[in-house]
Student: 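This is the structure I have questions about; it appears just below.
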Amino acid sequence: MRTALRNDVRIIDTTLRDGSHAMAHRFTETQVRDTVRALDAAGIEWIEVSHGDGVGGSSFNYGFSGTDEMTLIAAAREEARTAKIAVLLVPGIGTVDDLKRAHDAGAEMVRVATHCTEADVSPQHFAAARDLGMETVGFLMMAHRTDPANLAKQARIMVDAGCQCPYVTDSAGALLMHEARERFEALLAEVGDEALVGYHGHQNLSMGVANSVIAYETGVRSIDGSLCALGAGSGNSPTEVLAAVFDRLGIDAGVDAGLLLDAAEDVVRPYLNRWPKMDRNAVVQGWAGVYSSFLLHAERAGERYKVPAHEILRRCGELGYVGGQEDMIIDVAITLAAERDDA
Amino acid sequence: MDTPKVPVAIVGPGHIGTDLLVKLQRSDVLDLRYVAGIVESEGLTRAREAGVEASAGGVDWLLAQDPLPRIVFEATSAKAHAANAPRYEAAGIRAVDLTPAHLGPMVCPAVNGDAHLDAMNVSMITCGGQATIPMVAAVSRVTPVPYAEIVASISSRSAGPGTRANIDEFTHTTGGAVAEVGGADRGKAIIVLNPVEPPMIMRDTVYCMIGADADRAAITASVHDMVLRVQEYVPGYTLRAEPQFDEPADEWGGHARVAVFLEVKGNGDHLPPYAGNLDIMTAAAARIGELMARAELGVPA
């Protein structure tokens, strides 16, 4: 049965998860507590907290967490009065054991994320989540990399496995408005009677908020945002902008747009190392269809091997690398450096 | 006079079993006598065409043969192997297990191939384990490795339904083996499936945490030496670049890091060359079988 909606649309805030990429996975407990308190006061129903690559993501490949994510999840849970805590889990990186630890720490929703054509690695994790009594979301990442019909088939695999809300997850911020709409419609036609459908956007081509409006118009009822857009690449659809836009459209998202603007301005902005923006590297990600989390890794590899980060990213797009293959960024940088030296 | 050969069998005539068949038929110490399945299949037909006795009668049929095989290569499923293993042992037959059952000690030919030659059952770990553990061992035999992490990228086409349905099993087993067999204090494994077309060749990255003053030249030499050892049974096992050393960092607890980038191209025996992940499993299993057979025959490797 479809999850009941509290309002016209459910906004899930991912500042403390997707934002972890932009923060190089160094969120402090204080930052998490302050952000959760502000989001909770503004009426946000679900707050995602974990390493950017999901529970178990702390690693050489993606970056080690500055503070153990289970500590951050527990702190978030303690701070939240009405909001509930979600975590991300990427099968192949995190495991059911990590999920159980997150559940013990207070997480009540898991968002199981697979590449858009690989949904059949998720049933094990959906089953475990449902056994734990958790709410479930399925992320079909890099949704631009398959056609709407196949994306809908993959959503069906997730829903049949226990997913209550498959997402069109535009990890590269690459979906143009008509492409996003086709995918929303395909998923709604396939699973809309039994599940909610969601949208997770990135701002690499500046489409996050516009696509969120289209999402609502087509029937998508779960939409992600991050305060100050804090997320991978040029960040996510800003939660505070979504709130203001939905307010103007007369759509009740159950949130106070003014308080979210305060949260963005007064709580999140002061701790930003970098405000995600549409600079050359990030735009190239949307343009070439590259996983947004590659950004900081490409910048680091670019510096280490003295090759332009945007060229690394473009090459990653040409080679079709997917989320999780951050090691290939170093490989590409070494290759580009060798090509330069041979020239 | 021909060198005597040890009679062996394959149980599970799927693509893995068929690829293994091609490799075992090249062996000068293994005599592939039997292939057993539980239903008539293309794999059984291919085995018969290759001149091997094959039956859909399963393990019952196999255990009624004379002579019995001395070694069975199991390429079925974890559940099937758990059921079959006691029967092999009762019949005095040793098992080389390519399934995720992991009943016996974990073996990687280039690292501990000689360590369990008398075991009744050995586990071939996982594809990612076979590809990466030699590199962890190459580093850990030179300098202490408090933590090692491996990332295995495989083409979607080469990931079967068993792997997909239980991907955590890969993560746990490989991470554990990176420590236990590779010689790191702690291990972590990550697997990524990539659907790009044409399919990508298996890629593996091995990161080892090392001391700030570890002997980098010795590590590099050890890595190159180990690559040659793996190439003895997987010719397409190559370094993409020289080992990469990164300076000590606070977030690494003041340790430095060495990263090894690998490509594993399969031999193309039955499986396509991009499926290096499957090839390295069958090649490693064949290698272990040969080492066991040589030990039994008293023929030096």
Side-chain angles (χ1 to χ4, degrees), chain A residues 24-26 53 56-66 89-99 114-125 127-128 142 145-146 150 157 161 300-301 304-305 318-335 337-338, chain B residues 128 147-157 159-172 174-175 188-200 203-209 239-247 249-253 255 257-263:
Chain A
H25 315 293
R26 316 300 289 178
D53 296 271
S58 180
S59 58
F60 272 130
N61 205 38
Y62 310 118
F64 288 100
S65 297
L89 188 157
V90 183
I93 301 174
T95 65
V96 167
D97 288 346
D98 295 314
L99 179 62
T114 76
H115 185 72
C116 58
T117 55
E118 314 298 317
D120 57 358
V121 297
S122 67
Q124 184 180 18
H125 308 86
M142 301 283 272
R145 287 276 299 274
T146 194
N150 190 49
I157 293 171
R300 259 182 242 126
R304 162 91 158 78
Y305 294 100
E318 286 165 10
L319 293 170
Y321 290 141
V322 302
Q325 292 188 288
E326 271 75 346
D327 52 326
M328 292 300 136
I329 292 166
I330 304 173
D331 184 83
V332 165
I334 294 169
T335 305
Chain B
Y147 171 75
E149 176 183 313
I150 73 97
V151 186
S153 291
I154 65 174
S155 67
S156 294
R157 282 173 182 263
T163 302
R164 290 168 177 274
N166 196 359
I167 202 163
D168 276 15
E169 189 277 329
F170 174 94
T171 316
H172 286 301
T174 311
K188 181 177 177 68
I190 293 164
I191 183 168
V192 183
L193 309 186
N194 185 318
V196 72
E197 291 289 338
M200 61 170 287
R203 298 291 308 274
D204 296 275
T205 300
V206 180
Y207 299 107
C208 291
M209 195 176 267
L239 292 180
R240 290 272 307 168
E242 288 296 305
Q244 302 288 306
F245 291 92
D246 284 279
E247 297 307 322
D250 288 343
E251 67 160 323
W252 302 340
H255 289 89
R257 180 180 87 175
V258 58
V260 178
F261 297 89
L262 297 161
E263 178 173 280

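These numbers come from the heavy atoms of this one structure, side chains and all, not from hydrogens, waters or symmetry mates. Every chain is numbered from 1, with letters handed out A, B, ... down the list of sequences.
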Student: Is A:Asp331 salt-bridged to B:Arg203, cutoff N-O under 4.0 Å?
Tutor: yes
Student: Please look at B:Phe261 and chain A and tell me whether the side chain, the backbone, both or neither of the residue comes under 4.5 angstrom of a heavy atom of that chain.
Tutor: side chain
Student: Against chain A, label B:Ala159 side chain, backbone, both or neither, depending on which of its atoms sit under 4.5 Å from a heavy atom there.
Tutor: neither
Student: Backbone N or O of B:Ala165 within a donor-acceptor pair of the A:Asp120 side chain at under 3.5 Å?
Tutor: no
Student: What is the minimum heavy-atom distance between B:Val196 and A:Leu319, and which atoms define it?
Tutor: CG2-O, 3.9 Å
Student: Could you look at A:Thr335 and say if it's the side chain, the backbone, both or neither that has a heavy atom under 4.5 Å from chain B?
Tutor: side chain
Student: Rounded to the nearest 0.5 Å, what's the gap from CD1 on A:Ile330 to CZ on B:Arg240? Could you check?
Tutor: 13.0 Å
Student: Looking at every non-hydrogen atom in both residues, tell me the closest pair between B:Lys188 and A:Gly56 and how far apart they are.
Tutor: NZ-O, 2.7 Å
Student: Testing B:Leu193, B:Ile167, B:Ile191, B:Thr171 for side-chain contact (heavy atoms from CB on, under 4.5 Å) with A:Pro91, which one passes?
Tutor: B:Ile167
Student: With rounding to the nearest 0.5 Å, note down the distance linking CD in B:Glu251 to NE2 in A:His25.
Tutor: 9.0 Å
Student: Counting heavy-atom pairs under 4.5 Å to chain B, which of A:Val90, A:Ile334, A:Thr117 comes out on top?
Tutor: A:Ile334
Student: Can you tell which part of A:Ile93 gets under 4.5 Å to a heavy atom of chain B, answering side chain, backbone, both or neither?
Tutor: both
Student: Taking the side chain as every heavy atom from C-beta outward, state whether A:Ser59 and B:Val151 have any atom pair closer than 4.5 Å.
Tutor: no
Student: Identify the two heavy atoms, one from A:Gly323 and one from B:Val192, that lie closest to each other, and give their separation to 0.1 Å.
Tutor: O-CG1, 3.7 Å
Student: Within the 3.5 Å criterion, strictly below it, is a donor on B:Asp168 or A:His125 matched to an acceptor on the partner's side chain?
Tutor: yes
Student: With no hydrogens and no angle check, do the side chains of A:Asn61 and B:Tyr207 hold a donor and an acceptor under 3.5 Å apart?
Tutor: yes
Student: Going through the checks in order, is the side chain to side chain contact (heavy atoms under 4.5 Å, CB included) test met by B:Arg164 and A:Glu118?
Tutor: CA-CA 9 Å; B:Arg164 290 168 177 274; A:Glu118 314 298 317; 2.9 Å; yes
Student: Of the backbone (N, CA, C, O) and the side chain (C-beta and beyond), which part of B:Met209 lies under 4.5 Å from a heavy atom of chain A, both, or neither?
Tutor: both
Student: Is it the case that over 12 heavy atoms from other parts of the model lie below 6.0 angstrom from the CZ atom of B:Arg157?
Tutor: no
Student: Pick from A:Met328, A:Arg145, A:His115: which one has the most heavy-atom pairs with chain B under 4.5 Å?
Tutor: A:Met328
Student: Please give me the minimum heavy-atom distance between B:Asn194 and A:Gly320, naming the atom from each residue.
Tutor: ND2-O, 3.0 Å
Student: Atom CZ in A:Phe60, atom CG in B:Asp246: separation rounded to 0.5 Å?
Tutor: 9.0 Å
Student: Identify the heavy atoms of B:Phe245 and A:Arg304 that sit nearest to each other, and give their distance.
Tutor: O-NH2, 2.8 Å
